[in-house]
Amino acid sequence: MTDRPDDATDLPRFAAQVLDVVDLVPPGQVVTYGDVAEYLGEGGPRRVGRVMSQHGGAVAWWRVLRADGTPAPGLESRAFAEYRREGTPLRPGGRRVDLSRARWTGDPAGSA
DNA sequence: ATAATGACGTCGG
DNA sequence: TCCGACGCCATTA
């Protein structure tokens, strides 16, 4: 027992929750690092970013980006490929995501 | 114990 | 709009 690896693995509780939230974000929508932290009610953007850098590959990491709408450094190319594939709304110029339209608030209306 | 680093966020120029 | 500085928080040197 010892503990029940809730979902993915024997990851720390916080990390598991972060990955869980990201997994809830539907295609075509995104969330910021700060939003995830706020959604969980603990930690901070920096903390979420660390989790993603270590275990981001286990989820749709491209759906988590910075507050200004720019994806994670180094992965921009792949991220934009996904945005184009999922139809994620981008801002004029196509260099960043239109958060005003693509931001997922955690509202169940979007996931179903 | 102190300093530096990192998939961040906000502010000022 | 782009760039730099500072603040936050946890990990690592």
Side-chain angles (χ1 to χ4, degrees):
Chain A
M1 70 148 164
T2 58
D3 26 269
R4 251 252 93 234
D6 243 16
D7 216 272
T9 63
D10 45 44
L11 293 169
R13 188 178 70 77
F14 185 73
Q17 288 189 227
V18 170
L19 298 178
D20 191 39
V21 173
V22 177
D23 200 42
L24 293 174
V25 181
Q29 293 189 266
V30 297
V31 287
T32 69
Y33 296 95
D35 281 356
V36 175
E38 200 170 309
Y39 186 90
L40 294 176
E42 61 177 296
R46 234 43 222 245
R47 191 87 184 281
V48 175
R50 182 174 297 280
V51 173
M52 292 302 291
S53 70
Q54 293 171 30
H55 312 286
V59 292
W61 53 263
W62 57 88
R63 291 176 198 160
V64 183
L65 37 99
R66 300 194 201 186
D68 63 350
T70 56
L75 303 170
E76 304 174 345
S77 184
R78 273 167 249 170
F80 280 112
E82 293 295 338
Y83 299 148
R84 199 161 71 104
R85 190 175 65 76
E86 297 183 353
T88 305
L90 302 178
R91 269 179 100 207
R95 283 199 304 270
R96 42 195 208 179
V97 175
D98 185 352
L99 287 176
S100 55
R101 284 203 297 162
R103 196 177 218 185
W104 180 66
T105 58
D107 195 28
S111 58

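Nothing here was measured: the structure is a model prediction, and the numbers come from that model. So that the names make sense, note that chain A is the first sequence line, chain B the second, and so on, each numbered from 1.
- Shortest non-hydrogen contact noted between Gly28(A) and Pro89(A) is O-CD, 3.6 Å.
- Note that Arg47(A) lies in the cation-pi zone of Phe14(A), set by a 6.0 Å cut-off to the ring centre and a 45° limit from the axis.
- Side chains of Asp107(A) and Thr105(A): no donor on one and acceptor on the other come within 3.5 Å.
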What pairs of nitrogen or oxygen atoms, one from the protein and one from nucleotides 7-9 of chain B, lie under 3.5 Å apart?
unit_1 : atom_1 : unit_2   : atom_2 : d
dA7(B) : N6     : Met52(A) : O      : 3.3
dA7(B) : N3     : Tyr33(A) : OH     : 2.9
dC8(B) : OP1    : Arg66(A) : NE     : 3.1
dC8(B) : OP1    : Arg66(A) : NH2    : 3.4
dC8(B) : N3     : Arg46(A) : NH1    : 3.0
dC8(B) : N4     : Arg46(A) : NH1    : 2.6
dG9(B) : OP1    : Gly34(A) : N      : 3.3
dG9(B) : OP2    : Ala67(A) : N      : 2.9

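- A donor-acceptor pair under 3.5 Å is formed between the side chain of Arg63(A) and the backbone N or O of Val25(A).
- Within a 6.0 Å sphere centred on CD of Glu76(A), heavy atoms belonging to other residues, nucleotides or ligands number more than 12.
- The CG atom of Leu65(A) sits 9.0 Å away from atom OG1 of Thr88(A), with the distance rounded to the nearest 0.5 Å.
- Contacts between chain A and DNA chain C, taken as any atom within less than 4.0 angstrom of a protein heavy atom, begin and end at dT1(C) to dT11(C).
- Between Val30(A) and Trp62(A) the shortest heavy-atom distance is CG1-O, 4.4 Å.
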